[in-house]
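Written below as structure tokens is the structure these notes are about.
Here is the naming used below: chain letters follow the sequence lines, and residue numbers restart at 1 for every chain.
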Amino acid sequence: MLQIANIRKNANELAERLAIRGLDGQALIAQVIELDERNRAKRTEMETLQAKGNQLSSQIRDMYQSGQKDAGDALKLESAQIKDSLKSLETDVELADKELLQLLLTIPNTPSMEVPKGKTPEENQEVSQWGAKPDLYDGAVPHWELAAKYDIIDFELGVKLTGAGFPVYKGKGAIFQRALIQFFLNEAGKAGYMEVQPPLLVNADSGYGTGQLPDKEGQMYHCGVDDLYLIPTAEVPITNLYRDVILNESQLPIKNAGYTPCFRREAGSYGAHVRGLNRLHQFDKVEIVQIVKPEGSYAVLEDMQNYVQGLLQKLGLHYRVLLLCGGDMGFTSAKTYDMEVWSAAQEKWLECSSISNFETFQTNRLKCRYRNAEGKTELAHSLNGSALALPRIVAALLENNQTAEGIRVPDVLVPYTGFTFIN
RNA sequence: GGUGAGGUGGGUGAGUGGCUUAAACCACCAGUUUGCUAAACUGACGAACGGGAAACUGUUCCGGGGGUUCGAAUCCCCCCCUCACCGCCA
């Protein structure tokens with residue numbers, strides 16, 4: 001959620017930034033400011049009256065204590081009248097605040113000025129590419145066929161147990177997944193991220209804190225009996241560790257990493273492009289999260305982005321880095337890089353990581369603040385990124401490394417798998 | 001699931017209707033002094049929002065929501081959560 005104080009102060013800049021998403025920023029901001037001005041006038045009126053009432057109350061107290069009972073009784077009447085008029089003023093202010101809040105909740109984060117304008121994925125900017133498309137041998141097939149051929153991932157079995165999008169990993173397939181998770185976690189540890197194991201179910205407050213609620217309500221699995229949500233990403237529980245917290249400046253930057261399964265309903269996305277591991281309801285992911293001081297947050301975004309590139313390079317995967325255009329960014333992000341790996345047998349790019357700076361958009365909701373050098377509390381900036389999401393990495397590794405003899409395991413993973421070929 | 005006890009500032013925790021501007025202690029911060037991984041002393045120290053150029057000032061906030069009252073952390077009602085014990089159980 002955008003900060004109202006910031007909107008008041010930097011109206012033009014924010015309007016311009018919203019326009020990067022293809023929205024009418026001027027109109028939105030103008031609407032907010034108009035509501036805000038109206039609300040503040042009302043609030044001042046209410047507070048003046050409250051002050052008067054408080055003053056009367058202490059006068060009444062003094063009179064009773066000095067034995068002037070009649071005078072006190074007279075003031076009581078006046079005080080009761082003030083209370084009456086306060087009642088309607090208070091509801092007015094409450095309604096006005098609610099109206100403003102509702103409006104603010106519908107406004108997405110303001111893109112950073114470096115974000116390209118645009119509305120569709122085609123307008124994303126390719127920043128860089130690494131590696132080259134592998135030359136596959138003649139018998140090369142997509143990963144879902146490899147999965148069946150080597151009996152490492154069973155999609156039908158998952159359908160029996162649960163439904164589509166819940167695959168069962170078997171044998172070397174299961175070990176391969178576990179090896180990747182372990183590799184990603186160890187790398188994160190080496191890069192200074194503290195590992196956490198958060199709960200996989202969260203309450204509604206946490207959902208609101210990181211912005212999944214009310215925006216993406218339908219995308220999360222919900223346990224009605226206990227009113228809890230299955231996490232769609234570790235971003236939710238890990239970032240919410242810092243909800244309602246005032247940090248000391250010396251604690252920043254906070255760097256956390258966590259592995260969790262992720263659960264997504266993916267309502268409405270069916271079709272050929274969801275085949276195999278391309279889109280699942282349950283998948284594994286290692287997530288990195290940072291809570292930092294505002295002034296350095298964009299440098300941190302670059303660090304995180306470079307860190308994820310390093311992982312892909314160690315795995316030897318051909319990838320490209322995209323700077324998302326305004327219209328393709330998530331609701332809460334100010335700047336997002338996507339990483340896409342090349343899937344050699346499907347001959348297309350697969351998104352495997354998304355790294356974003358949220359500036360104060362999440363921390364404003366989370367009330368995640370820190371005490372700066374002057375001792376003032378200030379909202380921190382939050383960032384996160386996938387490092388990495390497993391299924392599409394697995395898909396790319398299976399497809400790109402397939403040979404007539406089997407699937408070659410990348411060197412960096414061999415210490416974790418204990419085998420060099422899936423065959 | 002049963003029974004009981006609780007929810008107060010960054011933390012511990014006092015506070016049963018107005019003198020609370022929320023005590024005290026701890027932590028954090030600043031300073032002084034002594035000097036070796038630090039201690040002692042002194043001082044400052046809740047948050048959000050509003051008004052003001054500023055000094056300053058107003059309002060709200062003691063789990064959440066209602067109510068009683070001129071006045072509520074304090075009294076009443078509803079809800080939520082936590083802890084302890086018992087039961088069940090990995």
_Listed partners of A/Q81 passing side chain to side chain donor-acceptor pair (under 3.5 Å), at least two apart_ = none
*side chain to side chain donor-acceptor pair (under 3.5 Å) partners for A/D97, two or more places apart*: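 Counting only residues at least two positions away or on another chain, A/D97 forms a side chain to side chain donor-acceptor pair (under 3.5 Å) with A/R43.
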*Of the residues in residues 41-51 of chain A, which ones touch RNA chain B at a heavy-atom distance under 4.0 Å?*
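By residue number: A/R43, A/T44, A/E47, A/Q50, A/A51.
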_Stretch residues 2-14 of chain A: residues that reach within less than 4.0 Å of RNA chain B through a heavy atom_ = A/R8
*Residues two or more places apart in sequence or in another chain: which of them pass ring-ring contact (aromatic ring centres under 6.0 Å, His included) with A/Y193?*
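Applying ring-ring contact (aromatic ring centres under 6.0 Å, His included) to A/Y193 gives A/Y307.
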*Test salt bridge (Lys or Arg N to Asp or Glu O under 4.0 Å) applied to A/R8 - qualifying residues, sequence neighbours left out*: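 For A/R8 the salt bridge (Lys or Arg N to Asp or Glu O under 4.0 Å) partners, ignoring immediate neighbours, are A/D36.
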*Runs of at least three consecutive Watson-Crick or G-U pairs, both distances under 3.5 Å, are what I'm after; which ones involve RNA chain B?*
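When the pairs of RNA chain B are grouped into runs of at least three, the stems are B:1-7 with B:80-86, B:10-12 with B:24-26, B:29-32 with B:40-43, B:46-51 with B:56-61, B:63-67 with B:75-79.
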*asked:* Looking at B/rU59, I'd like to know if its phosphate oxygens (OP1 or OP2) sit under 4.0 Å from a side-chain N or O belonging to A/N54.
replied: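 For A/N54, the contact criterion (side-chain N or O under 4.0 Å from OP1 or OP2 of B/rU59) is met.
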*Sorted by first residue and then second, give each salt bridge (Lys or Arg N to Asp or Glu O under 4.0 Å) pair with at least one member in residues 232-255 of chain A; sequence neighbours left out.*
A/E249-A/K293
*What ring-ring contact (aromatic ring centres under 6.0 Å, His included) pairs are there with at least one residue in residues 199-257 of chain A, not counting sequence neighbours?*
A/H222-A/Y229
_Selection residues 152-187 of chain A - residue pairs positive for ring-ring contact (aromatic ring centres under 6.0 Å, His included), sequence neighbours left out_ =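 As it turns out, the ring-ring contact (aromatic ring centres under 6.0 Å, His included) pairs with a partner in residues 152-187 of chain A, which skip direct neighbours, are A/F166-A/H281.
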*A/N203 CG to B/rC79 P, straight-line distance once rounded to whole Å*: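 One finds 20 Å between P of B/rC79 and CG of A/N203, rounded.
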*Rounded to whole angstroms, how far apart are CD on A/Q55 and C1' on B/rG18?*
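Roughly 15 Å, once rounded to whole Å.
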*For RNA chain B, whose closest nucleotide is more 5', that of A/T377 or that of A/N248?*
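Final value for this comparison: A/N248.
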*For A/L49, all residues meeting side-chain contact (heavy atoms from CB on, under 4.5 Å), sequence neighbours excluded*: A/I82, A/S85, A/L86, A/L89
*Okay, side chain of A/T44, backbone of A/R40: is any donor-acceptor separation there less than 3.5 Å?*
yes
Extract from the structure each pairing of a protein N or O with an N or O of nucleotides 66-71 of chain B at less than 3.5 Å, listing the distance.
{"from": "B/rC70", "atom 1": "O2'", "to": "A/S57", "atom 2": "OG", "distance (Å)": "3.3"}
{"from": "B/rC70", "atom 1": "O2'", "to": "A/S79", "atom 2": "OG", "distance (Å)": "2.3"}
{"from": "B/rG71", "atom 1": "O4'", "to": "A/S57", "atom 2": "OG", "distance (Å)": "3.3"}

